[in-house]
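So the structure is just underneath, and the comments pick up after that.
Any value given below was found using the heavy atoms of this structure, including those in side chains, with hydrogens, waters and symmetry copies removed.
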Amino acid sequence: MTDIMNSPAVKQVMKQPGHVSADGAAQAQGEQPIRAAVVRAAELARDAESNARTRQHAKGKMTARERLGLLLDTGSFEEIGRFRGGDINGGRAGSAVITGFGEVFGRKVAVYAQDFSVKGGTLGVAEGRKICHLMDKALDLKVPIIALIDSGGARIQEGVAALTEYGHLFRKTCDASGFVPQLSLILGPCAGGAVYCPALTDLIIMTRENSNMFVTGPDVVKAATGEVISMDDLGGGYVHNATSGVAHYLGEDEADAIDYARTVLAYLPSNSDQQPPVYAYAATRADRDVAKRLATIVPDNDRQPYDVLDVIRCIVDYGEFVQVHELFAASAVVGFACVDGHPVGIVANQPNVNAGILDVDSSEKVARFVRLCDAFNLPVVTLVDTPGYKPGAEQEHAGIIRRGAKVIYAYANAQVPLVTIILRKAFGGAYIVMGSKSIGADMNFAWPSSQIAVLGAAGAVKLSPVQEVVGYLVFFGVILGLIVTSLQLIKIPVIGKDGTTTLMKLDTCVFPLIGALLMVAFGILKPKEAYVSIGMGGMVLTYIGVLALASGLTNTGTGALIGNAIASLFGQNANGYLIGLVFFLVPFVLTQFMMNWAVLNMFAPIAILTCT
C-alpha cells in the first residue's frame, strides 16, 4: 500500500531531530528539497493512523487502512484525495473516508473505506464528494466498486448538506447498478439513511460481531414504541443474514468477511461488457470418482430428504461452491461455482429444508440471484426438486403472488445460458417458474426418477377423500344410469340352476365393466397409482358378484358361492342395477385402506374365471 509515510525522502527527513535543515540536507545530496508542509502532512498521517489503531483495536476492530491491506493485493493500493477534507495547517489529516484504487487477484477495483476514528466515520460534504468522485472514475474505468462501511451516518453538524450527499451517493450507486459489480462490507455501525447505500449494491457482507444495520436505532425505537431491544437483536449481522435477508454472507470476523469478498470477485467480470474470467481445469481421477456418487445421492423415494449441496459438489469443479444468502430462506440454495473452468451461478431447491418448497423468502432469494447472474453474464444452472409453492394464508398475505412473479420475470428476461436439471420432482407452478423449457431455458434435463406433474399423486389422493367418494358416487351413478337405460332392450341367454335357458337384460351384467373402462378412459385410474388399486379392486369385486347374480346362481364355479351370498342378502328378484351400484360403492370405500396392487392381481384371475 503506497503511503506518504513510506516515501524514502520523507522517512529520511523524519529521522532528523526537529526536521531542521531538511532543505539543506536535501540540497547537499543533490535532491529536490522536501517542503515543510509535506513533512507536516506525514506527521499528521502517522499520528492519525496511530490514533485509529488505539481506538479500533480496543473494540476488536481493524483500522480502515488495515482492512484495505487485507482486501487488496500487496502493494497495489493507490490512494486518491489523501488529505482532501482536512487541514494540514490546522492539524487535521483528512476526512473520515479513504478512497483509491487497487487490485484483487490482479484485476483493478475501486474501493472506499470509512474511518470510524475520524468523527465516528460520519459522512459530510467532503466525504460525499470524495466517494462520488471515486465512483465516477470507477465507471469511467469500468471496474468493480467495494465499500468498507463503518459509520455513524450523516454528520448532523452539517445538516441538510450531509443528507444531500447521501442523495448523490444513491444516484451514483443506481447508475453503477448492473454495470459494474458493487460489494458492501458492513464492518461497524451503519444507521439511518446510510443503510440504503449498501442496500442498493449487489452483495452485502456482515460480521457476527460489531456489524449493525438499522434505519432507526434502539433508542429511537424505545422512544417511539416503548420496545426495548439491543443493537444486535434489532439489526445485527445474524438477524440480517437469517431473518431479514438484507445481508448475503455472515463472516466470523473481519478477515473472513474480506476473504469472502475477494472470493466472490473471482467469479464476476469487471463489468457487464466483459465475460467472466476463465480458469484452467483438468478433471482428476478423484473428481471422476466423486461424480459417480451422483447415482446414489438422490433417493428414489420422493419423500426422503437429502442434501442438494452433495449434488452440487459432485457437479462443479473441485467441489467448490460459494453460497450466497446461506442462512436466509434455506429451502433454496444459490451461489457461485465453476464448471469446466467457467464461472456459473447455481440455483437449487433444498429438500433437506421444508422439502425444497418455494415461499416468499426463497422466491426473493432466487429471483435476485438470477438477475445478478444475468447482469454479469454468468450462465445459470438450476437444480429442481420442489413440491410447489407453500400453501397457507400467511404466505398469501405476505405476497407470494407478487414475489413469485419476480422469479418468473428473472428467468424469462435472462439473456445468459439457462440449463435446468429436474432431480426428482417438479410439481405445479413451481415447475414452470424454476427455469422450465416453456419459460425460456436453453437446455432441460431430467433425472431418471424425476416426476413432472400438476400435483403429486400422494397430494391428489389426500386432497379430500369424502368429496372424492361423493363425487364418484354422483358421477358414475349418472353415467351408469344412462348406460343402463340405453341397454334395457338388449338381452343375452343365461343358463339357470335347473338347466333352462332364459334371456336377461344386458345392463345387469356389463355395467360394472363399462364403469371400470370409463374410469380408465377418463384418466381417473392409472397403473400403479393409489386409486388404481382402490377403484379397480372394487370393480373386480362388483363384477364378480353381479355376474354371479346375472348367471342365475349357477351350480358350479366361483359365481355360485358369491351369487348365493348375494341372493341370501337381497333376494333373487332384486333389481340388478341397484345391487351392482351397491357392490360398486361398498368395495370402493372399504378397499381404500385394504387393497393394493398385489391384491388387485389376485382378483384378476378370479374375474376371468367367473366370466368364462
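A pairwise comparison of heavy atoms in I205 and A257 identifies CG2-CB, 3.6 Å as the closest pair. Taking each heavy atom of G236 and N212 in turn, the nearest pair found is CA-ND2, 3.7 Å. For the residue pair P343 and P277, the shortest heavy atom distance occurs at CD-O, 2.9 Å. Minimum heavy-atom separation, M231 to F214: CE-CZ, 3.6 Å. Pairing each heavy atom of L71 with each of A261, the nearest pair is CD1-CB, 4.5 Å. In plain terms, the two heavy atoms of A247 and N241 that are nearest each other are CB-ND2, 3.4 Å.
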Derivation of the side chain to side chain donor-acceptor pair (under 3.5 Å) call for Q415 and N377: CA-CA 8 Å; Q415 301 299 309; N377 306 317; over 6 Å; no
D73 and R107: CA distance, side-chain angles, deciding distance, salt bridge (Lys or Arg N to Asp or Glu O under 4.0 Å) verdict: CA-CA 9 Å; D73 297 345; R107 296 160 58 205; over 6 Å; no
Stepwise side chain to side chain contact (heavy atoms under 4.5 Å, CB included) test for F77 and E79: CA-CA 6 Å; F77 183 60; E79 187 172 358; 3.5 Å; yes
Steps toward side chain to side chain contact (heavy atoms under 4.5 Å, CB included) verdict (L169, L123): CA-CA 11 Å; L169 288 178; L123 185 134; 3.6 Å; yes
Candidate pair M434 and N349, rule side chain to side chain contact (heavy atoms under 4.5 Å, CB included), full reasoning: CA-CA 9 Å; M434 290 294 292; N349 304 114; 3.7 Å; yes
Side chain to side chain contact (heavy atoms under 4.5 Å, CB included) assessment of Y389 paired with Q395: CA-CA 9 Å; Y389 279 102; Q395 290 293 304; over 6 Å; no
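No salt bridge links R55 with D115; every basic N to acidic carboxylate O contact stays at or beyond 4.0 Å. In this structure, K406 pairs ionically with E364, as a charged nitrogen and a carboxylate oxygen lie closer than 4.0 Å. A salt bridge links R171 with D175: at least one charged nitrogen is closer than 4.0 Å to a carboxylate oxygen. At a threshold of 4.0 Å, the pair E254-K61 does not count as salt-bridged, since none of the basic side-chain nitrogens sits closer than that to a carboxylate oxygen. Residues K365 and E326 are not paired through a salt bridge, judged by the lack of any N-O separation under 4.0 Å between the basic side chain and the carboxylate. Salt bridge annotation for D136-K172: present, with a cationic side-chain nitrogen under 4.0 angstrom from a carboxylate oxygen. Using a 4.0 Å cut-off between charged side-chain N and carboxylate O, E127 and K130 make no salt bridge. Under 4.0 Å is where a charged nitrogen must lie from a carboxylate oxygen, and between D359 and R403 no such pair does.
More than 12 non-hydrogen atoms from other residues, nucleotides or ligands lie less than 6.0 angstrom from OH of Y279. Remark: E209 CD is loosely packed, at most 12 non-hydrogen atoms of other residues, nucleotides or ligands lying under 6.0 Å away. For K59, the NZ atom counts as densely surrounded, since its 6.0 Å shell holds more than 12 non-hydrogen atoms of other residues, nucleotides or ligands. More than 12 heavy atoms of other residues, nucleotides or ligands lie within 6.0 Å of CD1 in I229, so this atom counts as buried by the packing criterion. Under a cut-off of 6.0 angstrom, the local environment of CD in E394 is sparse, with at most 12 non-hydrogen atoms contributed by other residues, nucleotides or ligands. More than 12 heavy atoms of other residues, nucleotides or ligands lie within 6.0 Å of CD1 in I297, so this atom counts as buried by the packing criterion. For CZ of R262, the number of neighbouring non-hydrogen atoms (other residues, nucleotides, ligands) closer than 6.0 Å is greater than 12.
If you check the side chains of Y318 and T284, you find no donor sitting under 3.5 Å from an acceptor. Between the side chains of D256 and Y249, at least one donor-acceptor pair of N or O atoms lies under 3.5 Å. Using modelled atom types, one finds no donor on one side chain facing an acceptor on the other under 3.5 Å when comparing N413 with D374.
Between the side chain of S211 and the main chain of I186, a donor-acceptor pair closer than 3.5 Å is present. A distance-only check finds no donor-acceptor pair linking the side chain of S331 to the backbone of G356 [under 3.5 Å]. Using modelled atom types, no side-chain atom of Q56 and backbone atom of R53 make a donor-acceptor pair closer than 3.5 Å. Remark: side-chain polar atoms of Q114 are paired, donor with acceptor, to backbone N or O of D150 under 3.5 angstrom. Remark: side-chain polar atoms of E78 are not paired, donor with acceptor, to backbone N or O of G100 under 3.5 angstrom. Of the possible donor and acceptor atoms, one in the side chain of T263 sits under 3.5 Å from a partner among the backbone N and O of D259. Remark: side-chain polar atoms of H168 are not paired, donor with acceptor, to backbone N or O of G128 under 3.5 angstrom.
Separating the OG atom in S95 from the CZ atom in R129 is a distance of 12.0 Å, to the nearest 0.5 Å. Put simply, CG on N51 and OG on S117 are 5.5 Å apart, with the number rounded to the nearest 0.5 Å. Note: I145 CD1 to F101 CZ = 8.5 Å, rounded to the nearest 0.5 Å. The distance from atom NE2 of H342 to atom CG of D317, rounded to the nearest 0.5 Å, is 9.0 Å. The NE2 atom of H133 sits 6.5 Å away from the CZ atom of R84 when rounded to the nearest 0.5 Å. Interatomic distance, L187 CG to N210 CG, rounded to the nearest 0.5 Å: 9.5 Å.
Ring-plane geometry between F170 and Y196 is classed as perpendicular, the angle between the planes exceeding 60 degrees on a 0 to 90 degree scale with a lower cut at 30.
Between Y267 and V344 there is no side-chain heavy-atom pair separated by less than 4.5 Å. Using a 4.5 Å heavy-atom cutoff, the side chains of L183 and L265 are in contact. Put simply, the side chain of C190 reaches to within 4.5 Å of the side chain of P198, judged on heavy atoms. The side-chain heavy atoms of C174 and L200, taken from C-beta on, include a pair separated by under 4.5 Å. Q157 has its side chain out of reach of T122: every pair of non-hydrogen atoms, C-beta onward, lies at least 4.5 Å apart. Here the side chains of M135 and Q182 are in contact, with some heavy-atom distance below 4.5 Å. In this structure the side chain of I80 reaches within 4.5 angstrom of the side chain of L134, judged on heavy atoms. A 4.5 Å side-chain heavy-atom check between V311 and Y306 finds at least one atom pair inside the cut-off.
Aromatic rings of F336 and F369 (six-membered ring for Trp) have centroids within the 6.0 Å cut-off, being under it.
A side-chain hydrogen bond (donor to acceptor under 3.5 Å, both in side chains) with S184 holds for exactly one of D202, T201, T173; it is T201.
Cation-pi geometry between R313 and F321 is not met at under 6.0 angstrom from the ring centre and within 45 degrees of the axis.
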